[in-house]
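Chain naming here is simple, since letters A, B, ... match the order of the sequence lines and numbering starts at 1 in each.
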Amino acid sequence: MNKKVMVAMSGGVDSSVAAVLLRDQGYDICGATLKLFSDEDVLTSCRTRTCCSLDDVEDARSVCYKLGIEHFVFNFKETFQDEVIRKFARSYEAGITPNPCIDCNRYIKFSKLIQRAILMEKDYIATGHYAQIGFDSVSGRYLLKKAVDLSKDQSYVLYVLNQHDLSRTLLPLGGMYKTDVRKIAEERNLINARKPDSQDICFVKDGDYAGFLENMMGVESKKGNFVDPEGNVIGEHKGIIHYTVGQRKGLGIALGKPAYVINKNKEFNTVKIGSEEDLYSNRLIASDLNMIALEKLTSPMKATVKTRYSQKETEAVLHPEGEDSIVVEFKDKQRAITPGQAVVFYDGDIVIGGGAIN
RNA sequence: UAUCGUGUAGUCGAAUGGUACAGACAACAGACUUUGACUCUGUGUGUUGCGAGUUCAAAUCUUGCCACGAUAA
C-alpha cells in the first residue's frame, strides 16, 4: 500500500516539482493550496511575486490536473490573520523585527496543515522547501539538515519544526539543485516553470509593509527623533515601525559617512543612528527555543550560528541560561543582531535548534 | 553697532581668473533575497545668496544689499 502524501502547493515551481517527484517515487499524492488572506486585501491585479494569490491557486490547480491528482484549497485565513499577520503587527509595535515566514511555517504549514492531513488520513505532508529531514537512530530523534543546494538552503526558516512535525514531513527538494528543479518543470511542461521565485512578504502588496501596518492593521506610527550614540538629536524619523536594526536606506540623514540604525527605543520613541562599527556585538540572548537535534541544551556547546536568513554562519558557543534561554557568544563580533529575528544553531549540516533573538 | 569670515546639487564639500562640481553622504532606480535588512550596479543643468563693476573671460577680483557665523564694546 502506497504512503499517502498531501503536498502543500503554493502555485510556484518548487512545490509543483516536489509533487512531481513524489508521484514518480510512487507515493499516493494529492495537492493542497492554502488560502491565507483575501485577494481584495492585497490587490493582486497584476501577477505579483507573492506566494498565495488567486493566480497562484489556479497554477496549483492546473499542475494537479496535469498530474491527475486531487487538489484541495484550505481556507486558513483566520489562523493566518491571528497567528501571522497580527503577530507581525504586534512585533513592530513592540519595536522588534519579526519574520512572518517563520511564523507561517510554525503555525500554518506545519501545524494546521499537518492536522488537516492527518484528519484526511494522509501519512505525510510535503513542501517545496530546500532542506532535508533525517533520522538519527542513536538519539532516536528526527533531524533537520541543510539542503544540498546551499545557495537555496531554507533550513533557517524551518528551525521551528518539532519532532512530530518532522516525522510527518517530506521535503523532496532537499537533495536537488534549483537549476535542476526548473529543468524538470520545463520537461514536464509545468505552467509555472519560468515563474519568478516568490519574495517579499506575501500578504503585503508592493513591499510597503509600513503602509500595510498603518492602513490595514491600525498601527500608529508616531514621528520621533533620530539620536546619535551620545544621545544628541540629529533628525526626525517617520515612526519606529519604518526602521529595523542595521538599516541604512531611507533614513534621509546625511552624515558624510553611511549611517545605520543601531537600535530602537520604544519608550522614548527614538531611533539611534550610528556608524557601521556601532552595529557589531559579540553576544545575544535567544529565547522561545526549539531544539531539534537534542532535547535540551544542558551544557555549553560549540556551534555555527546564523542570526539572519541568507547570512553565512559564524562560530559561537551556546550557553544554556535559565529554563528557556540560550546565551550565544560569538567568536567574531556580529553585525546588526536584531531582536525578533531568528537565530539558528548548526552542527555542520545539522540544525541543532534555534530561537528568537531578544 | 563695528570688524572679520562664510554663502557652489537635498547635505557636507572640490574647482591656478578660462567657460562648474572630484569625492562623501542622502535620494531614486535596478540586481540580489520566500521576513525586515545589508550588499552590489546605475542615475546629477544648477540663474555658483541677490545685484552692479573690472576683464576677451568671474564661483574665483572690486563693490552694494541680504543671510549665517565669529570677535569687539
Integer angstrom distance from the C1' of B:rU8 to that of B:rG23 = 14 Å

message = Between B:rA52 and B:rA15, how many Å separate the two P atoms, rounded to a whole number?
response = 27 Å

ask   = Is the side chain of A:Asn192 donor-acceptor paired with the backbone N or O of A:Gly12 at a distance under 3.5 Å, no angle test?
value = yes

query = Take atom NZ in A:Lys178; do more than 12 heavy atoms of anything else shown fall under 6.0 Å from it?
reply = yes

request  = Determine the Euclidean distance between corresponding P atoms of B:rG18 and B:rC28; express it in Å to zero decimal places.
outcome  = 37 Å

task = Linking directly or through intermediates, with side-chain heavy atoms under 4.5 Å: list the remaining ILVMFWY members grouped with A:Val327, chain and number order.
result = A:Ile285

query = Hey, does the Lys NZ or Arg CZ of A:Arg116 hover above the aromatic six-ring of A:Phe74, less than 6.0 Å from the centre and inside 45° of the axis?
reply = yes

message = Using whole Å, what does the distance between atom P of nucleotide B:rU34 and atom CZ of A:Phe88 come to?
response = 18 Å

inquiry  = Each nucleotide in nucleotides 22-27 of chain B should get exactly one letter: B, S or -. Can you fill that in based on protein heavy atoms under 4.0 Å?
reply    = --SBSS

query = Base, sugar-phosphate alone, or nothing: which one does A:Tyr243 contact when heavy atoms must sit under 4.0 Å apart?
reply = nothing

request  = Quote, to the nearest angstrom, the C1' distance that separates B:rU43 from B:rU47.
outcome  = 24 Å

remark   = Any stem touching RNA chain B, meaning at least three consecutive Watson-Crick or G-U pairs under 3.5 Å, ordered by first number, would be B:1-7 with B:66-72, B:10-12 with B:23-25, B:27-31 with B:39-43, B:49-53 with B:61-65

request  = Determine, for A:Tyr346 and A:Lys146, whether the Lys NZ or Arg CZ falls below 6.0 Å from the six-membered ring centre while staying within 45 degrees of the axis.
outcome  = yes

A:Phe80 vs A:Tyr107, ring pair (Phe, Tyr, Trp, His ring centres under 6.0 Å): CA-CA, chis, key distance, verdict = CA-CA 8 Å; A:Phe80 191 76; A:Tyr107 298 114; over 10 Å; no

inquiry  = Quick check on B:rG36: is either OP1 or OP2 less than 4.0 Å from any side-chain nitrogen or oxygen of A:Tyr309?
reply    = no

request  = Using only side-chain N and O atoms of A:Tyr260, determine if any of them is under 4.0 Å from OP1 or OP2 of B:rU39.
outcome  = yes

key: A:Tyr159 OH to B:rU35 C1', straight-line distance once rounded to whole Å   = 12 Å

inquiry  = Over all strands shown, is A:Lys152 touching base, sugar-phosphate only, or nothing at heavy-atom distances under 4.0 angstrom?
reply    = sugar-phosphate

message = Please give the distance between the C1' atoms of B:rU11 and B:rG44 as a whole number of Å.
response = 14 Å

message = Rounding to an integer number of Å, can you tell me how far A:Gln334 CD sits from B:rC38 P?
response = 17 Å

task = For B:rA20 and B:rG13, measure between their C1' atoms and round to the nearest Å.
result = 14 Å

ask   = Which residue pairs pass the ring-ring contact (aromatic ring centres under 6.0 Å, His included) test when at least one of the two sits in residues 241-266 of chain A, sequence neighbours left out?
value = A:Phe226-A:Tyr243, A:His237-A:Tyr243

task = Quickly work out the A:Ile85 CD1 to B:rG36 C1' distance and round it to whole Å.
result = 16 Å

ask   = Does B:rC61 fall in syn (glycosidic angle within 90° of 0) or anti?
value = anti

inquiry  = Show me the pairs that pass ring-ring contact (aromatic ring centres under 6.0 Å, His included) and involve residues 157-190 of chain A, at least two apart or across chains.
reply    = none

ask   = When rounded to the nearest Å, what value does the distance between C1' atoms of B:rA24 and B:rU71 take?
value = 32 Å

note = note: A:Tyr156, atom OH; B:rU33, atom C1'; distance rounded to Å ~ 13 Å

note = Whole-Å distance, A:Ile234 CD1 to B:rC12 P, equals 15 Å

Integer angstrom distance from the C1' of B:rA59 to that of B:rA22 = 16 Å

ask   = Atom CD of A:Glu236 and atom P of B:rU11: how far apart are they, to the nearest Å?
value = 18 Å

query = Does the ring centre of A:Tyr209 sit less than 6.0 Å away from the ring centre of A:Tyr92?
reply = yes

ask   = When the distance from NZ of A:Lys306 to C1' of B:rA37 is rounded to whole Å, what number comes out?
value = 15 Å

remark   = Applying side-chain hydrogen bond (donor to acceptor under 3.5 Å, both in side chains) to A:Asp28 and not counting sequence neighbours gives none

inquiry  = We want to know whether A:Asn265 and A:Thr270 form a side-chain donor-acceptor pair, criterion being a heavy-atom distance below 3.5 angstrom.
reply    = no

inquiry  = Need one value for A:Gln341: base, sugar-phosphate or nothing, where a base atom within 4.0 Å counts as base even if backbone is also close, heavy atoms only.
reply    = base

ask   = Given that A:Gly128 and A:Arg335 both sit by RNA chain B, which one's nearest nucleotide is further toward the 5' end?
value = A:Gly128

